[in-house]
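Working notes, beginning with the structure itself.
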2 protein chains.
Amino acid sequence: MRKIFLFMDTIFNKVDAKGRVSLPSDYRAIVKELSTEIVCYRSLSAPCIEGCLEDTLDKLATDIENATDFFSETQDNLTNLIFGDARRFAFDSTGRIMLSEKLLKHAQITDAAVFVGKGRKFQIWNPQNWEKEEARIRAEVMKNRPTLKTAKEAE
Amino acid sequence: MRKIFLFMDTIFNKVDAKGRVSLPSDYRAIVKELSTEIVCYRSLSAPCIEGCLEDTLDKLATDIENATDFFSETQDNLTNLIFGDARRFAFDSTGRIMLSEKLLKHAQITDAAVFVGKGRKFQIWNPQNWEKEEARIRAEVMKNRPTLKTAKEAE
DNA sequence: TGGTATAACATGGTAATTTATGGGATTCAA
DNA sequence: TTGAATCCCATAAATTACCATGTTATACCA
């Protein structure tokens, strides 16, 4: 098992009439090291789908257990939403997954999708929506370039 | 992985019609200690490509996780921008990588590139642009020579 | 020190492989 | 038995691995 798992890059893929999408090969390579499935859920903060390895959600669960006093009730509620929403998705022999109606609707995805790497996680966007979102983020980050230090203080 | 490695020197290489460039052999020697790949992304502050080992980004991912919480908006923005842009680049048996259109365009590279060592990272420049940038940096540094002490205080 | 042999490297071209994607067949369940 | 989900096959395009050559740098020897 490799030590490093990072979902990266921005990949545009088609969604066919059956709702099938190819998981980018880079992503598959990562997933295959650990299992045959990814976990997806509706993002709580944006009109997109979030995906990760089950390990990542497991780590989140552990973090909550170890820092119960740190987490507020609202954050606790958020985790409930995530675990209640999340589902495993396996990919077939050609590397495609079939996303659910619920997820596609939330992300407004019909015939094309963009996979955006986020390190331990990734997101799946409607291409037009992502284009706007990327511009927004870039503008915001450039306006006040964060350091890890200020990022922490800003919270 | 070796503990000590530094990307150094400035190396000029050609870029062929397919976007292939030889990674300088010194750089390859460093990369080979750990894997067969480097990670490249568009610099946030200059018209050039930045490259490093995946370890370096993995460390960044961990730092972001530790500095912000799972639901942080800051974390969202940072990870989208950095990991959404980065990509792995493997080199073939002759030591070449194939840079993407996106990266080449950002750095205005067409038929030649300059690799500039930066310690843990390195940059890839359009030769003319680098010539100007190097002159600019040198002039600036000479004008007001920084020390590590003042650099730290300035934060 | 000078000259030559050797190895390493950058670079051009081509073959082989992988990937994304469409379509059809098969299975399963309501 | 109808609709949906899964599996399998085909293909075009993009990516990657491989081979060949000239050039440069290095090592070796007289």
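Bear in mind the structure is a predicted one, so any value in this text is a computation, not a measurement. Chain naming here is simple, since letters A, B, ... match the order of the sequence lines and numbering starts at 1 in each.
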Quiz item: Considering only heavy atoms from C-beta outward, does the side chain of A:V31 approach that of A:E37 to under 4.5 Å?
Solution: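 Sidechains of A:E37 and A:V31: no contact.
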Self-check item: Proximity to DNA chain C (any heavy atom under 4.0 Å), residues of residues 90-104 of chain A only
Solution: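 Only A:T94, A:R96 qualify.
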Within the pair [X] and [N], is there a side-chain N or O less than 4.0 Å away from OP1 or OP2?
| X | N | answer |
| --- | --- | --- |
| B:R20 | C:dT14 | no |
| A:S25 | C:dT18 | no |
| B:R88 | D:dT16 | no |

Euclidean distance, atom [atom1] of residue [X] to atom [atom2] of [N] [Å, nearest integer]:
| X | N | atom1 | atom2 | answer |
| --- | --- | --- | --- | --- |
| A:N13 | C:dT19 | CG | P | 12 Å |
| B:F12 | D:dT23 | CZ | P | 17 Å |
| B:D16 | D:dT16 | CG | P | 14 Å |
| A:F89 | D:dT6 | CZ | C1' | 15 Å |
| B:D111 | C:dA10 | CG | P | 17 Å |
| A:K18 | C:dG23 | NZ | P | 9 Å |

Quiz item: Does B:K14 get its side chain close enough to the base of D:dT23, under 3.5 Å, for a donor-acceptor pair?
Solution: no
If you measure from the Lys or Arg side-chain nitrogens to the Asp or Glu carboxylate oxygens, is any gap between [X] and [Y] under 4.0 Å?
| X | Y | answer |
| --- | --- | --- |
| B:K143 | B:E140 | no |
| A:K118 | B:D76 | yes |
| A:D85 | A:K102 | yes |
| A:D55 | A:K59 | no |

Quiz item: Only one of A:I97, A:T56, A:I30 forms a side-chain contact (heavy atoms from CB on, under 4.5 Å) with A:I38, so which one is it?
Solution: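 Single pass found, and it is A:I97.
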Quiz item: If you draw the axis of the six-membered ring of B:F5, does the NZ or CZ of B:R120 fall within 45° of it and under 6.0 Å from the ring centre?
Solution: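 Yes, cation above the ring, under 6.0 Å and within 45°.
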Exercise. May I ask you to say what B:I11 touches in the nucleic acid, namely base, sugar-phosphate or nothing, with a heavy-atom cut-off under 4.0 Å?
Key: nothing
